[in-house]
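These notes concern the structure reproduced below.
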Amino acid sequence: MTDKTTETMSPQERAAIKERAAELKAQGRSAKAADKAAANEAALLAKIAEMPQPDRSLAERVHAIVTACAPDLQPKLYYGQPGYARKGKVLCFFRSGQDDKERYSTFGFSMQADLDDTSGLWATSYALTEPTEAAWAELEKLISKATR
């Protein structure tokens with residue numbers, strides 16, 4: 001690695017890349033699909049449990065919503081944060097604002113999500129601060145749409 005890399009990447013970005021490399025290495029060691037799925041979910045739940053409040057509460061609520069309305073998605077860590085995958089590819093994810101040293105947490109969708117709109121414009125990431133029940137319901141609709 002050159003010094004250029006350390007100049008262009010923030011400490012959080014370098015840490016996320018290292019976490020992702022460790023995740024991939026750990027996933028490679030998992031022998032069976034069921035063991036891998038259980039290990040992935042356990043790692044995701046452990047990550048949520050170590051988050052400071054209020055991000056922990058937000059991540060717990062996101063996890064409950066995703067697992068309820070899209071039970072076919074498999075929980076797994078994605079760049080050190082909770083993600084939910086279909087056929088090994090992450091479809092949606094939660095990013096802790098405190099871990100990223102940002103002013104709010106986010107919930108986002110990857111290119112795998114079916115959110116396309118005929119207008120040619122649609123959001124792929126949403127800020128989460130103190131969502132109302134209406135906001136949580138809207139998030140549930142988006143997840144359902146993305147996973148159809």
Side-chain angles (χ1 to χ4, degrees), residues 9-148:
M9 296 177 70
S10 72
Q12 292 83 17
E13 290 170 322
R14 286 194 300 277
I17 289 171
K18 286 180 183 177
E19 282 191 63
R20 183 65 178 148
E23 291 162 14
L24 292 172
K25 189 174 183 178
Q27 289 171 3
R29 290 187 204 132
S30 296
K32 296 180 180 178
D35 292 342
K36 185 176 176 180
N40 284 342
E41 184 167 16
L44 180 138
L45 293 173
K47 177 65 179 182
I48 291 173
E50 73 183 29
M51 287 180 185
Q53 289 294 359
D55 287 356
R56 182 180 330 130
S57 295
L58 291 171
E60 288 170 345
R61 183 76 183 263
V62 164
H63 181 72
I65 290 170
V66 173
T67 55
C69 71
D72 62 313
L73 296 182
Q74 299 91 33
K76 65 186 274 181
L77 290 178
Y78 181 63
Y79 291 97
Q81 298 288 321
Y84 301 88
R86 179 184 285 150
K87 296 180 184 173
K89 295 187 178 186
V90 171
L91 187 129
C92 57
F93 53 90
F94 174 84
R95 300 273 327 154
S96 166
Q98 292 179 40
D99 281 357
D100 291 343
K101 298 189 182 329
E102 298 290 340
R103 66 184 185 102
Y104 52 81
S105 296
T106 57
F107 183 82
F109 295 94
S110 72
M111 298 291 256
Q112 310 306 316
D114 186 13
L115 293 174
D116 300 23
D117 189 86
T118 56
S119 70
L121 176 72
W122 58 90
T124 60
S125 184
Y126 298 85
L128 294 175
T129 54
E130 295 178 26
T132 62
E133 287 305 314
W136 287 120
E138 185 62 29
L139 183 64
E140 188 173 339
K141 287 180 195 172
L142 286 165
I143 294 166
S144 294
K145 179 179 180 185
T147 58
R148 49 183 157 149

Quick one: does any side-chain atom of [X] pair with a main-chain N or O of [Y] as donor and acceptor, under 3.5 Å?
X: Glu140; Y: Ile65; result: no
X: Gln74; Y: Asp72; result: yes
X: Ser105; Y: Asp55; result: no
X: Arg86; Y: Thr147; result: yes
X: Arg95; Y: Gly108; result: no

If I take atom [atom1] from residue [X] and atom [atom2] from residue [Y], how far apart are they, to the nearest 0.5 angstrom?
X: Phe109; Y: Thr124; atom1: CZ; atom2: OG1; value: 9.0 Å
X: Cys92; Y: Leu115; atom1: SG; atom2: CG; value: 9.5 Å
X: Lys76; Y: Glu23; atom1: NZ; atom2: CD; value: 8.5 Å
X: Glu19; Y: Tyr79; atom1: CD; atom2: OH; value: 12.0 Å
X: Gln81; Y: Thr106; atom1: CD; atom2: OG1; value: 8.5 Å
X: Asp99; Y: Lys47; atom1: CG; atom2: NZ; value: 4.5 Å

Q.
Determine whether Phe107 and Ile143 satisfy the following criterion, side-chain contact (heavy atoms from CB on, under 4.5 Å), listing intermediate values before the conclusion.
A. CA-CA 10 Å; Phe107 183 82; Ile143 294 166; 3.9 Å; yes
**Q.** side chain to side chain donor-acceptor pair (under 3.5 Å) involving Glu130 - partner list, sequence neighbours excluded
**A.** none
Q | Gln12: partners by side chain to side chain donor-acceptor pair (under 3.5 Å), with sequence neighbours left out | A |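 By the side chain to side chain donor-acceptor pair (under 3.5 Å) rule, Gln12 matches Ser10.
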Q: List for me each residue that meets salt bridge (charged side-chain N to carboxylate O under 4.0 Å, His left out) alongside Arg148, sequence neighbours excluded, and say none if there are none.
A: Asp114
Q) Which heavy atom of Ile48 sits nearest a heavy atom of Pro82, and at what distance? A)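 Reported closest heavy-atom pair: CG1-CG, 3.8 Å.
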